[in-house]
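Keep in mind the model is a prediction, meaning the values are calculated, not measured. These numbers come from the heavy atoms of this one structure, side chains and all, not from hydrogens, waters or symmetry mates.
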Amino acid sequence: MRLITLILSLVVITMTTAIAAEKIVVAHRGASGYLPEHTMPAKAMAYAMGPDYIEQDVVMTKDDRLVVLHDHFLDQVTDVQEKFPNRKRADGRYYVIDFTLAEILTLNVLERFHIDETGKKVAYFPGRFPLGKSIFKVHTLEDEIEMIQGLNKSTGQNIGIYTESKSAAFHLSEGKDLSKAILQAFKKYGYDSKNSNAYYQTFEYDDLKRVHDELLPELDMDIKLVQLMGEEEEYNDLITRDGLKALSKYADGIGPSISMITKADKSAEGYHITDLVKDAHDAGLVVHPYTFRAERFAMPKFVGSFDELLDLFYNKIGVDGLFSDFPDRAVRFLHKK
Ligand code: G3P
Ligand code: CA
């Protein structure tokens, strides 16, 4: 009897370890908690931290090159206002799509900022890399894939790419097929099947459906797809049990915001857990929420520390992975467990 108990315990421990090992860390915009987001140094630093995937947000230039930037605007992460003061549109924004790659490469990348009422640049995350120090540049998706694949060769690791098509509909309305170009880059670099170490992610359901129904068959590829989502009304139907079941025909997983999974309330714990993760798992979808930031003001009030937040999501809620600006902290947390 005691032997059976021992064997069962060992089986449970082995299974738990296997499940824990499958949980992933996605370096959100690289090691963006430490260096300006989406720069090569931030990606190299992230790589050295040992995440499972490094994230790329991708937009397109005037001359159809794919660049790694979070927005289709340049004005919150570069010095475009100083270098090209006359190139903003009527809305006051500087659009990536209005600049050639050669022009964009003349810009310096800064820690993300906004401009206050006095015209001064103010960092979104004051504790992070100082604004305007050192030299950082925009780079192409191809450059980044080549660096990650190069490091995979030189280190013997196999870190993947987790690439988001940003504002696909906007690009299409401007005559640019961003999503197709991203998939062509995937194929060029050998990411062409569900077994490839790559995810394609998008907030736009129409984009996901087009990629699944038209572009992947046309390009003779079949890669892992993730539907990103936020609290906006457009996702209300998608997050019902039926909606998730229907989504599972197109996607392998979902990427919800933290606030779609935990809601602050007046209970003793200060929050409750929604059905989203359970319902998504029941529909066969993996769940990779965003964005896990270690700054106190960027964390939900009901957790006391970043490790507590990671414990809540990885262990108590049971997500399959998460996006973090501090990939080292998430990697360390998983290894500790
Ligand atoms: O793609 C997952 C997460 O990055 C979504 O948020 O706005 O940082 O792209 P965002
Ligand atoms: Ca993203």
Side-chain angles (χ1 to χ4, degrees), residues 26-30 32 36-40 42-43 46 53-78 80 89 91 93-101 104 107 109-110 112-114 124 137-145 148 160-186 191 198-212 215-216 223-232 234-235 250-251 253-257 288-291 323 325:
V26 186
H28 184 248
R29 310 182 198 174
S32 56
E37 66 181 50
H38 283 318
T39 58
M40 280 292 210
K43 301 305 172 88
Y53 292 88
I54 297 176
E55 192 206 23
Q56 302 81 34
D57 293 314
V58 178
V59 294
M60 200 176 250
T61 66
K62 187 177 183 178
D63 50 345
D64 296 341
R65 300 297 300 275
L66 298 174
V67 287
V68 182
L69 283 165
H70 179 263
D71 310 304
H72 57 280
F73 306 115
L74 291 161
D75 37 83
Q76 292 189 312
V77 288
T78 75
V80 67
R89 288 196 186 183
D91 62 4
R93 305 300 304 265
Y94 294 79
Y95 285 66
V96 176
I97 212 169
D98 294 338
F99 292 80
T100 63
L101 177 63
I104 289 172
L107 304 176
V109 175
L110 285 71
R112 178 168 286 275
F113 63 88
H114 68 271
Y124 270 86
K137 294 289 173 185
V138 176
H139 60 265
T140 64
L141 176 63
E142 294 196 352
D143 287 342
E144 183 166 332
I145 291 176
I148 292 170
I161 59 171
Y162 206 123
T163 309
E164 181 179 349
S165 172
K166 275 287 181 200
S167 310
F170 163 78
H171 282 86
L172 275 181
S173 74
E174 297 266 336
K176 304 232 181 253
D177 198 338
L178 171 69
S179 306
K180 186 171 180 179
I182 291 174
L183 294 174
Q184 285 169 326
F186 269 41
Y191 304 108
Y199 278 92
Y200 176 98
Q201 46 163 344
T202 176
F203 275 102
E204 298 178 17
Y205 177 72
D206 289 346
D207 182 46
L208 185 91
K209 199 162 180 313
R210 176 171 176 255
V211 165
H212 180 273
L215 297 181
L216 290 178
I223 52 163
K224 294 189 283 285
L225 303 175
V226 162
Q227 172 71 54
L228 299 170
M229 48 184 65
E231 293 195 272
E232 296 82 7
E234 65 181 281
Y235 301 109
Y250 303 102
I254 60 169
S257 62
H288 299 158
Y290 65 90
T291 301
F323 290 84
D325 290 3

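- Glu231 and Ser257 get closest at one heavy-atom pair: CG-OG, 4.2 Å.
- Leu69 places a side-chain heavy atom less than 4.5 Å from the side chain of Val77.
- Ion pair Arg29/Asp325 not flagged as a salt bridge, since none of the NZ, NE, NH1 or NH2 atoms sits closer than 4.0 Å to an Asp/Glu carboxylate oxygen.
- Nearest heavy-atom pair across Leu141 and Ala185 is CD2-CB, 4.0 Å.
- With contacts defined as side-chain heavy-atom distances shorter than 4.5 Å, the pair Leu216/Leu225 qualifies.
- Proximity of the aromatic rings of Tyr200 and Tyr191 is defined here by a centroid distance below 6.0 angstrom, and this criterion is not met.
- Of the possible donor and acceptor atoms, one in the side chain of Lys137 sits under 3.5 Å from a partner among the backbone N and O of Leu107.
- Side-chain atoms of Asp63 do not come within 3.5 Å of backbone N or O of Thr100 as any donor-acceptor pair.
- With a 6.0 Å cutoff to the six-membered ring centre and a 45° limit on the axis angle, Lys209 does not count as a cation-pi contact of Tyr250.
- A side-chain donor-acceptor contact under 3.5 Å links Thr140 to the backbone of Asp143.
- When every heavy atom of Ala42 is checked against every heavy atom of Pro36, the shortest pair comes out as CB-O, 3.4 Å.
- In this structure, Phe170 CZ and Met60 CE are separated by 12.0 Å, a value rounded to the nearest 0.5 Å.
- Note: Ile104 CD1 to Thr78 OG1 = 8.5 Å, rounded to the nearest 0.5 Å.
- The aromatic ring centres of Tyr95 and Phe73 sit less than 6.0 Å apart.
- Only one option out of Gln184, His171, Arg210 pairs with Asp177 in a side-chain hydrogen bond (donor to acceptor under 3.5 Å, both in side chains); it is Arg210.
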Test side-chain contact (heavy atoms from CB on, under 4.5 Å) on Ile161 and Ile145 and set out the steps.
CA-CA 8 Å; Ile161 59 171; Ile145 291 176; 4.0 Å; yes
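- A side-chain contact (heavy atoms from CB on, under 4.5 Å) with Val96 is found for one member of Val80, Thr61, Asp71 and no other, namely Thr61.
- Checked for salt-bridge contact, Arg89 and Glu174 meet the test: a charged N lies under 4.0 Å from a carboxylate O.
- Contact of the Thr202 side chain with the Ser179 side chain is not registered, since no non-hydrogen atoms from C-beta on lie closer than 4.5 Å.
- Listed for the Gln227 side chain is a donor-acceptor partner under 3.5 Å among the backbone atoms of Phe203.
- Taken to the nearest 0.5 Å, the CG atom of Asp75 stands 4.0 Å off from the CZ atom of Arg93.
- Using cut-offs of 30° and 60° for the angle between ring planes, the Tyr162 and Tyr199 rings count as parallel.
- Side-chain contact between Met229 and Ile254 is present, with at least one heavy-atom pair separated by less than 4.5 Å.
- Checked against the 6.0 Å centroid threshold, His114 and Tyr124 count as a close aromatic pair.
- Environment of NZ in Lys62: sparse, with no more than 12 heavy atoms of neighbouring residues, nucleotides or ligands closer than 6.0 Å.
- Residues Thr163 and Gln201 form no side-chain contact, since every pair of their non-hydrogen atoms from C-beta on lies 4.5 Å or further apart.
- Taking each heavy atom of Glu144 and Glu55 in turn, the nearest pair found is OE2-O, 3.9 Å.
- Judged purely by atom type and a 3.5 angstrom limit, Gln56 uses its side chain to pair as donor or acceptor with the backbone of Ile54.
- Under the side-chain contact (heavy atoms from CB on, under 4.5 Å) test applied with Val68, the options His139, Met40, Glu37, Lys166 reduce to a single match, His139.
- Among all heavy-atom pairs drawn from Ser167 and His72, the shortest one is OG-ND1, 3.1 Å.
- Nearest heavy atoms, Leu178 versus Ser165: CD2-OG, 3.6 Å.
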